[in-house]
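First the structure, in the form of structure tokens, and then the observations on it.
Small disclaimer: the values here were computed from a predicted structure and weren't measured. Count residues from 1 along the sequence.
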Amino acid sequence: ALQALGVEVVAGVDVTKPDSLAALAAACEGQTVDILVNNAGLLTVESLDDMNLHDVLRQFEVNSLGPLAVTWKLLPFLTAGSKVAIVSAAFGSIASNTGAPALYGYRMSKAAVNM
């Protein structure tokens with residue numbers, strides 16, 4: 001639908017892989033980025049009884065560091081009027097961090113990206 005409006009969407013970017021970020025930057029060569037929407041996200045379910053720290057770290061890598069890496073890599077293509085957006089979630093709200101589901105890694109990584 002966005003392509004019908006003349007919007008270029010670059011899909012399939014792995015925000016944790018330098019080669020993928022380099023390919024994204026190469027796709028932007030000769031252009032400016034008017035609106036950058038950081039929309040990558042990863043959610044795994046864990047509880048204190050069933051914790052997998054690798055999954056928690058992976059969520060930080062995608063949800064918190066991913067938008068930073070993408071924006072940094074595309075900085076040469078942003079102009080004074082460009083807008084950068086980060087899609088987050090209510091689960092990243094510290095104020096609403098009560099009740100189930102626990103989702104510790106997801107909640108922490110989204111709170112970090114909201115800072």
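For the atom pair L36 CG and K83 NZ, the distance stands at 13.0 Å (nearest 0.5 Å). Remark: M115 CE to K110 NZ distance equals 14.5 Å, nearest 0.5 Å. Of the inter-residue distances, the one linking L57 atom CG with N52 atom CG reads 9.0 Å to the nearest 0.5 angstrom. Atom CG of L65 is separated from atom CD of Q59 by 12.5 Å, given to the nearest 0.5 angstrom. In this structure, OG on S20 lies 11.0 Å from NZ on K73, to the nearest 0.5 angstrom. From L74, atom CG reaches atom CG of L21 across 8.0 Å, with rounding to the nearest 0.5 Å.
In this structure, F60 belongs to a hydrophobic cluster whose other members, linked by side-chain heavy atoms under 4.5 Å apart, are L48, M51, L53, V56, Y104, M108. Through direct or indirect side-chain contacts shorter than 4.5 Å among Ile, Leu, Val, Met, Phe, Trp and Tyr, V37 is connected to I35, V87.
Formation of a donor-acceptor pair under 3.5 Å by the T71 side chain with backbone atoms of L68 is not found in this model. Not one N or O on the side chain of E46 forms a donor-acceptor pair closer than 3.5 Å with the backbone of D55. In this structure a side-chain-to-backbone donor-acceptor pair under 3.5 Å is missing from T16 to V62.
Taking the side chain to side chain contact (heavy atoms under 4.5 Å, CB included) definition, one finds that E29 meets it with F77, sequence neighbours left out.
If you chain together hydrophobic residues whose side chains sit under 4.5 Å apart, V113 and V84 never meet in one group. Residues I86 and L43 do not share a hydrophobic cluster, defined by chaining ILVMFWY side chains whose heavy atoms lie under 4.5 Å apart.
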*Where do T44 and R58 land on the side-chain contact (heavy atoms from CB on, under 4.5 Å) test, with the steps shown first?*
CA-CA 9 Å; T44 62; R58 180 79 174 137; over 6 Å; no
*asked:* Please determine whether side-chain contact (heavy atoms from CB on, under 4.5 Å) holds for the pair L103 and V45, giving the CA-CA distance in whole Å, both sets of side-chain angles, and the decisive distance to 0.1 Å.
replied: CA-CA 5 Å; L103 305 175; V45 178; 3.8 Å; yes
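For the pair N63 and G41, the tightest heavy-atom approach, listed with the atom from each and the gap, is OD1-CA, 3.2 Å.
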